[in-house]
Novice: 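Mind having a look at this structure? Questions to follow.
Just follow the structure's listing: the first ligand is 1, and inside any ligand the first atom is 1. For the single chain, residues carry numbers from 1 onward in sequence order.
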Amino acid sequence: MCGIVGYIGNKKATPILLESTKKLEYRGYDSVGMCTIGDNLSILKGAGRIDDVNNRLNFQSLEGNLGISHTRWATHGGVTDFNAHPHSDCNNTIAVVHNGIIENYSELRKDLKEKGHEFKSETDTEVITHLIEELLNNGMGFRDAVIEASKQLEGLFAFIAINNNENGKIIACKHKCPLVLGIGSNENFVASDVVSFLNHTNKVVFLDDNEIAEITKDDFQVFNILGKPVTKEISTINWSSEEAKKSGYPHFMIKEINEQKETIERAINRDIKEVKKVAKMINDAYGIFFVACGTSYHACLSAAYIFSSITKKHVNVFLASEFPNFSHFLTKNTLMFTISQSGETADVLEAVRVAKEKGVKIISLVNVMGSSLMRMSDYSLLLNAGPEICVLATKSFTSQLALLYLLAYACAGKYEEGKEKLKEVGKKVKNVLTKKNIKKIRNLAKMLKDMNDIYLIGRGLSYSTTLEGALKLKEVSYIHAEGLAGGELKHGTLALIERGTPCIAIVPNNGSKKDVLNNAMEIKSRGGYIIGIANEDDEIFDYSIIIPEVEMHPILMIIPLQLLAYYLAVERGCDPDKPRNLAKSVTVK
Ligand code: AGP
C-alpha cells in the first residue's frame, strides 16, 4: 500500500516529487526515496518519515526535470535503507518504484540470479528492475521491455520506471493497483492518487488494468498488454487542492470529523434519478449481498438493520475477505452492494471479481471518482465527501450511512420523507460538535488515556455503532477496545469486567433503551465504569455525553466516539492521521 509518483516537465523534479509524495504518505510511511535523471541517474532513499529522511539526505540535491519517488508500507523485506525504493539494476541505469505485491518474485529472482544479476535488497520489487534490464540486454526497446516484464509478473502491482539511456520519458504500468496520469501544460504526472498532483492539474487519465503509459513532458500514450495503442479519455476532477489541506486544523482527523456538518448534506443532495435507479436494482434483486472491509463493513452491517426496518427486506452482509467462501449462492439475479471509501481495497475488488464471474450485478458506494471499484461496477454512487486523508474513516462513514438510509427510504417509496429526515440529521451535527461536548470528551480522554481495555455495548443498529467506535479507538489510540451486542455480554465478555473497567453504552431513545441500560447495570454491579452516549442522562451513567435524538441515530452517535478516539490519540502522543502499521487504502489481500 505504498504511494508512487513520477514527474516529467520543465521544472526541477525534486521539489514537486517531495510535495506530491508527502500527500501520499497516508498510503504508507515506513521509508521514502527518490530518483532523478540529471547528468546521470541518481537515487537517494532511507527508512523513516519523509521529513526525517529529507533532513538526513537532502533530496533537493538531486538534479533533473524527470524523476520518480516512493513512500513505503513494507510487505516484503524489513524497514531498512536498502529495502527502500527506488530500486535500480546492476548498472544503475534503470530505476523503479512499485506499489503492490509480486507473488512470483522468488522464482524470478532465482532465475535472474542464475543469469548473473546481483540483488541489493530483500524486496519483491527489485525483480522488476532486473527483469527490464535483462530484456533490454536482449535487444528490446524500453517500452517493450516494460510490457514484457509486466507479463511475467504475478500479483497486484503498479510501477513506474525510468531509464538513464532514455532520458525524456517515464514508463508506467497498472495491474490491479491504482495508477492515474495527471495531464499538465509542459509537464505530466503519474501517481497512485490524484491528491498528489491536484495543485498542479485536475486533468486526469485513469489507467485500466494491464495498461502501460509512456509519458513525456508534452504528451502521453497508453498501450495495452499487446503493445497496441489505447485511446484514453481525459477526465476533470472536481476536488480542489485546498480540500486536501488541513485548513488550520492540527490534524486531518479532527478537520474531517468537523466536515461532517456539511458532508452528510452533500451525501444526500443528488439527482433523484440515480437514487431511484439503484433503489429499483435493489427491489428487483433476488438475494442482496452487502460486502466490504473495516469501517465500510460496519456501514454494511448497519444496512442490514436499516433495510430490515424500513423496507422489510433481508440483506446478507459479508466481510469481503471471507466472501469468496459463499460464492456458490450467487446467481445472475443476485445483487452485490459493495462499499469502499477508496474504491481500491484489494479484498473488495477480489470479491467483486468472484461475483462477476457468476454474472452478479455490482453496485458500489465509493468516495474516489475513477477508482478501480467504480470502474468495475455496473452502477456506482459517489459519496461526495471530498478527499479523506486521515487513515481513519470518519466523514466517509456517516456519508455512507446517510446514503444507505436514503436508498432504503427510496426502496420503500418514501424518498422525500427520508431526505427530509436526513436533512434534519445533517443540521444536528453541529449540536453534537458543541464546545461543551468537546470539553467533556477531552476530559474523558484524559481519564481513559492509561486504560488497557475499553468495552462498548449497544443493541440493534447501535451494535454496528459499537463495532465502529471500537475500531476508531483501537486504530488511533492503540488501546484494546471491543464492541459487542448488549445481549452477548452475559455469554462471556462480562468475565473481563472488574473495578474501574470503562464501558461505553450507546443508548438512543428507542425500543432497545431499557435492555441496554440493564446490560450497563450488569457491568456496573461488577465495578465497571459506565460512560453513556445517549439522548438523555440516566443515573446508571458515571459519565455521559448527551446528543440530539434522531431516528437515524447511528449517524450522530458515532461522532462522540470519533472525537474520543482523536483526543485519546493526542493525549497518548500518537499521530491521529498516520497510525502505526496502517494505511488508508489496503491494496494487498
Ligand atoms: C477505517 O478507519 C480504516 N481505515 C479501515 O478499516 C478501512 O475502513 C478499510 O480498510 C476499508 O477501506 P475502504 O472503505 O477504502 O474500502
Novice: Anything under 3.5 Å between a donor and an acceptor, one on a side chain of residues 349-360, the other on a protein residue two or more places apart or in another chain? List them.
Specialist:
{"from": "Glu350", "atom 1": "OE1", "to": "Arg353", "atom 2": "NH1", "distance (Å)": "3.2"}
{"from": "Lys356", "atom 1": "NZ", "to": "Met376", "atom 2": "O", "distance (Å)": "2.6"}
{"from": "Lys358", "atom 1": "NZ", "to": "Ser327", "atom 2": "O", "distance (Å)": "3.4"}

Novice: Check salt bridge (charged side-chain N to carboxylate O under 4.0 Å, His left out) between Lys232 and all other residues, then give those that pass, not counting sequence neighbours.
Specialist: Asp208, Glu211
Novice: For the pair Tyr305 and Tyr463, evaluate ring-ring contact (aromatic ring centres under 6.0 Å, His included) and give the outcome as yes or no after the intermediate values.
Specialist: CA-CA 10 Å; Tyr305 292 85; Tyr463 169 44; 7.1 Å; no
Novice: Can you list, pair by pair, the side-chain donor-acceptor contacts under 3.5 Å of residues 439-450, counting residues two or more places apart and other chains?
Specialist:
{"from": "Lys440", "atom 1": "NZ", "to": "Ser544", "atom 2": "O", "distance (Å)": "2.5"}
{"from": "Asn443", "atom 1": "ND2", "to": "Tyr543", "atom 2": "OH", "distance (Å)": "3.1"}
{"from": "Lys446", "atom 1": "NZ", "to": "Glu571", "atom 2": "OE2", "distance (Å)": "2.9"}

Novice: With no hydrogens and no angle check, is any side-chain donor or acceptor of Gln562 less than 3.5 Å from a backbone partner on Ile257?
Specialist: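 The answer is no, because no donor-acceptor pair under 3.5 Å joins these two groups.
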Novice: Contact residues of ligand 1 with a heavy-atom cut-off of under 4.0 Å?
Specialist: Cys293, Gly294, Thr295, Ser296, Ser340, Gln341, Ser342, Thr345, Val391, Leu392, Ala393, Leu471, Lys472, Glu475, Val586
Novice: When you measure from the side chain of Ser585 to the backbone of Thr587, do you find a donor-acceptor pair of N or O atoms at a distance under 3.5 Å?
Specialist: no
